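The structure under discussion appears below in the form of structure tokens.
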Amino acid sequence: MLEKKEQKRREGLPELPNLNGRKPVLRFAPNPNGPLSFGHSRGLVINAEYAKLHDGELILRFDDTDTTVKPPMMEAYDSIPKQQEELCGYSAHRLVIASERMDKYHDYAEKTIETDFAYVCTCTGDEFREFRLSKSNCPCRDNDVNENLELWNKMNDSNGFMPGDAVLRMKTGMDQKNPALRDWPAARIQTNPHPRVGSKWRVWPLLDFQSAIEDYLQGVTHIIRGKDLMDSTRKQKLLYDHFEWNYPETIYWGRVKVHEFGSFSTSQMKKDISEGVYSGWNDPRLPTLSALFRRGIRPESLRSFWIELGLTQKDIAVPLSTLYSHNTKSIEPISPRLAFIRDPVKIDLSGEFPSKLVISSHPEEDMPNRIFEIKNSIFIENEDSGKPVRLKDFCDISENGDVESIDRSDKRPIVHWITEGIETQLTIAEGKELAHVQGLLEKHNYPIGTIVQLERIGYAIVEKDGLLMVHD
RNA sequence: GCUCGUAUAGUGUAGUGGCCCAUCAUGAAGGCCUCUCGAGCCUUCGACCCGGGUUCAAAUCCCGGUACGAGCACCA
């Protein structure tokens, strides 16, 4: 009999391919040349969710094998694990630091040489590019194993080759259809000291080699990576084939662009911060995780945001408002209401009205009440003045401040107001600019870091010296 | 140049031959509720890149276009 298949909308992340009852081992491998940013949060969230979903393991790996182009930043080794935990809700099961596993990479590099799957190439980059394009062998390819071993030693010898003089190449074949796969480079010489291990090593593996070896050693079952690394997968598979290892399942995603963030690179941010363009890594204008957290974007919002975007290979552009709508859902129930009066205008009240009001801090949730002692005047925003309005939770007044009704008597606009307040600055990150709005903030004693909702304005977070806009 | 990938409403996304005159979210418009321009609820708008082919039947398979993106680094 034919079974009717129920087609329901799939919720959440798609199934991990070829799991076959295994507990998956996933990894996220940032370069600690700077702190985590919005882009990293995708990899973190998706990998961590899968690991949690299937009771598997998450590996946090520092791919810190470049001391020249992307020199490691020591603080990042501390800040990244902390932020990983904050974002994912649990800390990674394993922490791997590539620079401390160099002996393994060297062992395997030597194995590739000994098994004649690698050779030391002393051609220049330009020379090799020609060979690659013309599918012709470079002269170094004919070195025998012993020659290669000798040259390898010379790469490792501080009196031997200098950076740029020689690289180790995998002998994948110059006749590969895909030019990217032709005898790809696996290791090169760097003499800049590494901040963690100094000058202990001279020959450092490149990503395709280091990552491939480490994934094997860690028993990684599933790799989730950008589709820009598709050729990386193919290169690594050739290495796995040589060692007769099984390559992990690989899932790719496309590029994500957030228009409001424009293009930031870690190195550019680093430069701008040192030049004082930004106040620090958590400057609200920056797309770093610390800035987002500071701005009141909650970890669970980032998680549901990325899960909803899913794992398609499409390159997508998402407006920040999508992230905000996720965030609103999580902060709305916990945000007490406060009045913030921009451009305040004092209104003298006349007529009958109570001298004390107790107003709730949230329309639905149970929160401590706000208590107002009302004297003879209140403040409203200039924009709301000059017309009859309803003071929210208080009374109807005329344009002159005559109290016309305690109960709501008509459909006049409802405005927020305040008896007295503290001169406060609200900071708003608008693209690459910071806008500041002065106003009178209702008295409160919420601690720093509390997200409040400024009535009729939006959400803001309490900072030491004022308010920082979350979003509206 | 070579190689690889992707194409469903404004934006994301579900959907792997019939349940799809296509899902959900977000957005926009309107309404309800509410003493916030917040939250919630309701309604409406809006899409299968193009052209062939296979098939009784295609968003789903095949071929060819087109568009966009990526790799070919001594970065990750």
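Residue numbers start from 1 in every chain, and the chains themselves are labelled A, B, ... in the order their sequence lines are given, proteins ahead of strands. Just so you know, these numbers come straight off a predicted model, no measurement behind them.
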Of all the nucleotides listed ([options]), which has the minimum atom distance to the side chain of [X]?
X: A:R337; options: B:G5, B:A76, B:U36; answer: B:U36
X: A:T322; options: B:U26, B:C4, B:A76; answer: B:U26
X: A:P363; options: B:U36, B:G12, B:G5; answer: B:U36
X: A:L133; options: B:G1, B:U13, B:A76; answer: B:G1
X: A:L206; options: B:U26, B:A39, B:A76; answer: B:A76

May I ask which nucleotide in the shown strands pairs with [N], Watson-Crick or G-U wobble, both distances under 3.5 Å?
N: B:C74; value: none
N: B:U26; value: B:G10
N: B:U34; value: none
N: B:G64; value: B:C50
N: B:A59; value: none

Quiz item: Under the 3.5 Å rule, do the base of B:U3 and the side chain of A:Q176 count as making a donor-acceptor pair?
Solution: no

Quiz item: Checking only heavy atoms, does the side chain of A:R390 share a donor-acceptor pair with the base of B:C35 at less than 3.5 Å?
Solution: yes

[atom1] gap between [N] and [M], integer Å:
N: B:G5; M: B:G10; atom1: C1'; answer: 25 Å
N: B:C24; M: B:G65; atom1: C1'; answer: 33 Å
N: B:C49; M: B:A58; atom1: P; answer: 15 Å
N: B:C20; M: B:U36; atom1: P; answer: 41 Å
N: B:A28; M: B:U66; atom1: P; answer: 38 Å
N: B:A59; M: B:C48; atom1: C1'; answer: 5 Å
N: B:U16; M: B:U11; atom1: C1'; answer: 24 Å

Quiz item: How about A:L13 and A:Y50: do any of their side-chain heavy atoms sit closer than 4.5 Å?
Solution: yes

Quiz item: Can you tell if the side chain of A:F209 reaches within under 4.5 Å of the side chain of A:W184, non-hydrogen atoms only?
Solution: yes

side-chain N/O [X] vs [N] OP1/OP2, d < 4.0 Å:
X: A:R188; N: B:A76; value: yes
X: A:K314; N: B:U8; value: yes
X: A:R225; N: B:A76; value: no

Quiz prompt | Base versus backbone protein contacts along nucleotides 61-71 of chain B [heavy-atom cut-off under 4.0 Å; B, S, -] | solution = --------SSB

Quiz item: Do A:R337 and A:E364 meet the salt-bridge criterion of a basic N to acidic O distance under 4.0 Å?
Solution: no

